[in-house]
Amino acid sequence: MRIHYHSALITFSLLAMAMLTACGSKESNQEVSADTPAESAAGPAAPVAKAEDITDTHWGVEVDDPYRYMEDQDDPDVVDWLKGQAEYTESMLSGLSMREEIYERLIELDQGAPFTTFGVRRLANGDMFYMRRNAGDNLGKLYYHPADSDSARLLVDPETLGAEGVQHYSLGIYMPSWDGRYVTYGLAQGGSELTSYHTMEVASGNAVDEPIDNIETAYNGPMWTATGDGFYYSRRRDLPEGAPETEIYKQTMVRYHELGTNPADDPVIAAFELSDRLPLLDTDFPSVWLTPNSEHAVLKVKHGDNNEISLFTAPVDTLLSGDIPWVRISEEADLVNAFAVMGDDIYLLTAQDAPRYQLIKTSLAAPDLEAADVVIAPSEVVLTDVFAAKDALYVSAMQDGLNTVIRVAPDQSKDVLNTPRAGAGYISSVSPAVDGILLFETSWIQGGVRYAYEPATGTLTDTGMVPVGKFDNLEGFVAKEVLVTSHDGTRVPLSILHRADLKLDGSNPTIVYGYGSYGISMEVFFSPLRLAWLERGGVFAIAHVRGGGEYGQEWHYAGRMANKPNTWLDLIACAEYLVDKGYTAPEHMAPMGGSAGGVLAGRSITTRPDLFGAAVIQVGMLDAIRAETTTNGVPNIKEFGTVADEEGFKGLLAMSSYHNVRDDVTYPATLLTHGYNDPRVNIWMSGKMAARLQAANGEDGPPVLLRVDFDSGHGIGSTRNQVLSQVADVYSFLFWQLDEEQH
């Protein structure tokens, strides 16, 4: 039962790809014109942001920042400006003739299947816990399904929590005890990701103990002891009064909670300056991992948002001794990014001498990487993760852009689990207490199926947990994979989705989507919501740019820090390919990216404004120079760089879209979306960029719209209504700007 979260400038890649990052709410719309939106005589106008003369000097370079005051996002004047922008954007988008039609179609597409399940946890006795969202539900809910029952029981329904008029709650990470007697789950409000753990006795549904606040969910969920008497968890410290927001992610600690005790008294197991055996920096994120078939605990230490981790081990029975004999397994320089434990052995994915990763094994009793056994040698296959089930190891891999699963038996024999429909295969659920895995198969244009893999027979059986939706297998759509030559000769993968009858006459409205950070790959997946774009003749292209993980660590590092320009130059090359091949033309094409992908989209239009007719930037990281002053800025230094270093500053200035806007250039129409409660990318990033683009384009130039949702954050925890409303706004905006026939 392993959970992966990433506290980078992204929700997670699937949501970002489906345009479900930051979300806003709109329940009704007024049709104004069949051609362009119109403002009524009493309607709002776009408020003009005041500009101030503020200049910083870094390494002899003067950097202007005319909208610095927006960083005080709670200032009443700033809030009023944001509200004015939100109202103006609402008036413009609600006036688009196709907006209501697209919104209704999205609801229909979203409810094409009766329900969907995700986040499955299986127990040794066959019981299951999972998240489920029925058609029409606004949020995912937690269910318990006993093995001896034909039906599941609802445990937690976040839609029933909170008073009327209060921001909604969402249920994020959860973990049952190994015997299923208890389950601990995290609740956060308004998309803030400010999570508290709640524990429930499953049989009675009663709460156990007081909630635990300040939870750090980004790197690990609660880890239950084998006996189910308590769990280990990662918690942020209680900040001193008046501490700056840059301290929020510092000095995270691991604590242990024994059921029936006061959480305030929970002992600290790992923390900054707690033990000489555990050399933690104040910016490190520690978390404890337990496996029921092992006598050894593993302490994972994540160094900010760097993928390379440090690992330590100690006997489980020493964790509460007050003097834990931690032994180092690996350090950051060993380039380990994932691990799995089976008994006394630990298996490690490392990029050491293997740019696409290799799998090695060493003993937890006496770890020695120098003498580690090679289990899967380096090859052209990219290894992306490793998990331990009761029967074997299961390794997530990628070859030629297609995700697959490799089973490694105890005798180290290996088999690729071929999916029934030759689609992409993902590990959906795995537990060290259960034989086999649940495997999820999907494609770009075909809905997913969750199979149970039975190792004794080598068969995959449809679990029925993901019923086939009426839009999952529509005919008439195609997905094409090509390689595009980028500016320096590098071949960049590009996935192109469109209707089968598309004419290559250069007239098709086209989205070029990308991300390109943290080694996160744009993996194959199906979204029924994307059909609302494709069926109207739109092209959806996914650029697998450098900075992602499509070709392992080398691909990631080729788009990181000083190499970041490769990220947007790769997207520009993909956009030029789409024009050259007749899919579209510059006036019909838009880059789109969210979170760290805001660098990609923002720098694409500031580098080549002539190549695009519009752009969409969602919760974008757009002021790279000032990012370091934010809550999430310090953990991201290893991905983007620091202004404290001259080369780092140069790299940040190059990737900062806000600082690359010029007054003598007209930029494409741009829609920026952001949630006010965003804890990962501050809303003033989008505020500054919107103000700067509005000033550059002027009143007569292409529109720049800032869509603000005051009841959401970075996208995690957004309601389904918020998601669908934002997607409707994005598609409507792009059809308005890119498609003459749908004006």
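Throughout, residue positions are numbered sequentially from 1 according to the sequence presented.
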Original post:
Donor-acceptor pair, Asp678 side chain versus Ser712 backbone, under 3.5 Å?
Top reply: no
Original post:
Just wondering, do Leu706 and Ser686 contact through their side chains at under 4.5 Å, heavy atoms?
Top reply: yes
Original post:
Between the side chains of Thr630 and Asn632, is a donor N or O closer than 3.5 angstrom to an acceptor N or O?
Top reply: no
Subject >> Qualifying residue for salt bridge (charged side-chain N to carboxylate O under 4.0 Å, His left out) with Glu554, from Arg560, Arg546, Arg356 >> reply: Arg356
Subject >> Check against side chain to side chain donor-acceptor pair (under 3.5 Å), Asp282 and Tyr249 >> reply: CA-CA 9 Å; Asp282 66 347; Tyr249 284 150; over 6 Å; no
**OP:** Keeping the roles fixed (side chain from His674, backbone from Val681), state whether a donor-acceptor pair exists under 3.5 Å.
**Re:** yes
Subject >> Side chains of Thr252 and Asp284 in contact at under 4.5 Å (non-hydrogen atoms) >> reply: no
Original post:
With sequence neighbours left out, what residues match Tyr69 under ring pair (Phe, Tyr, Trp, His ring centres under 6.0 Å)?
Top reply: none
**OP:** Determine whether Thr673 and Thr89 make a side-chain contact, defined as any pair of heavy atoms from C-beta on separated by less than 4.5 Å.
**Re:** no
**OP:** Mind listing the closest non-hydrogen atom pair of Ile637 and Thr642 along with its distance?
**Re:** CG2-CB, 3.9 Å
**OP:** With sequence neighbours excluded, give me every salt bridge (charged side-chain N to carboxylate O under 4.0 Å, His left out) pair touching residues 576-585.
**Re:** Glu576-Arg608
Original post:
What are the two closest non-hydrogen atoms of Lys564 and Ser517, and how far apart are they?
Top reply: NZ-OG, 2.8 Å
Original post:
Does Ile617 reach the side chain of Leu622, with side-chain heavy atoms less than 4.5 Å apart?
Top reply: yes
Subject >> With Lys638, the salt bridge (charged side-chain N to carboxylate O under 4.0 Å, His left out) member among Glu308, Glu332, Glu628 >> reply: Glu332
Original post:
Is it true that atom NZ of Lys250 has more than 12 heavy atoms of other residues, nucleotides or ligands lying nearer than 6.0 Å?
Top reply: yes
Original post:
Do side-chain atoms of Gln85 reach the backbone of Pro47 as a donor and acceptor pair under 3.5 angstrom?
Top reply: yes
Subject >> Heavy-atom pair of closest approach, residues Ser732 and Ile102 >> reply: OG-CD1, 3.7 Å
Subject >> His487: partners by ring pair (Phe, Tyr, Trp, His ring centres under 6.0 Å), with sequence neighbours left out >> reply: none
Original post:
Just by distance, do the side chain of Thr666 and the backbone of Asn697 share a donor-acceptor pair under 3.5 Å?
Top reply: no
Subject >> Donor-acceptor contact below 3.5 Å, side chain Asp709 vs main chain Asp711 >> reply: yes
Original post:
How about Phe735 and Trp533: are their ring centroids closer than 6.0 Å?
Top reply: yes
Subject >> For Glu331, side chain to side chain donor-acceptor pair (under 3.5 Å) partners two or more places apart >> reply: none
**OP:** Hey, can you tell me if His544 and Trp444 have their rings parallel, tilted or perpendicular (30° and 60° cut-offs)?
**Re:** tilted
Subject >> Verdict with reasoning, Ile511 to Val539, per side chain to side chain contact (heavy atoms under 4.5 Å, CB included) >> reply: CA-CA 6 Å; Ile511 294 170; Val539 175; over 6 Å; no
Subject >> Check: Thr57/Glu62 side-chain N/O donor and acceptor closer than 3.5 Å >> reply: no
Subject >> Partners passing ring pair (Phe, Tyr, Trp, His ring centres under 6.0 Å) against Tyr67 (at least two apart in sequence or in another chain) >> reply: none
Original post:
Can Ser486 and Arg491 be said to form a side chain to side chain donor-acceptor pair (under 3.5 Å), step by step?
Top reply: CA-CA 6 Å; Ser486 192; Arg491 302 279 277 171; over 6 Å; no
**OP:** Tell me whether the guanidinium CZ or amine NZ of Arg692 lies under 6.0 angstrom from the six-membered ring centre of Tyr658 and within 45° of its axis.
**Re:** no
Subject >> Donor-acceptor pair between Asn337 and Asn307 side chains, under 3.5 angstrom >> reply: no
Subject >> Ser604 (side chain) donor-acceptor with Leu600 (main chain) under 3.5 angstrom >> reply: yes
Original post:
Hey, does Asn508 have a side-chain heavy atom less than 4.5 Å from the side chain of His588?
Top reply: no
**OP:** Find out whether Ser657 and Met689 are in side-chain contact, i.e. whether some heavy atom of one side chain is under 4.5 Å from a heavy atom of the other.
**Re:** yes
**OP:** For side chain to side chain contact (heavy atoms under 4.5 Å, CB included), just list the numbers for Arg626 and Asp65, CA-CA rounded to whole Å, side-chain angles, deciding distance to a tenth of an Å, and then say yes or no.
**Re:** CA-CA 10 Å; Arg626 295 286 293 172; Asp65 189 0; 3.9 Å; yes
Subject >> Residues forming a side chain to side chain donor-acceptor pair (under 3.5 Å) with Asp700, sequence neighbours excluded >> reply: none
Original post:
On the ring face of Phe733, is Arg707 found with NZ or CZ under 6.0 Å from the centre and within 45° of the axis?
Top reply: no
**OP:** Quick one: closest heavy-atom pair of Leu724 and Leu106, and the distance?
**Re:** O-CD1, 3.6 Å
**OP:** Could you please spell out the steps behind the side chain to side chain contact (heavy atoms under 4.5 Å, CB included) verdict for Met655 and Trp568?
**Re:** CA-CA 9 Å; Met655 72 180 77; Trp568 63 83; 3.8 Å; yes
**OP:** Please test Val492 against Trp555 for side chain to side chain contact (heavy atoms under 4.5 Å, CB included), starting from the C-alpha separation and ending with a verdict.
**Re:** CA-CA 10 Å; Val492 178; Trp555 198 251; 4.3 Å; yes
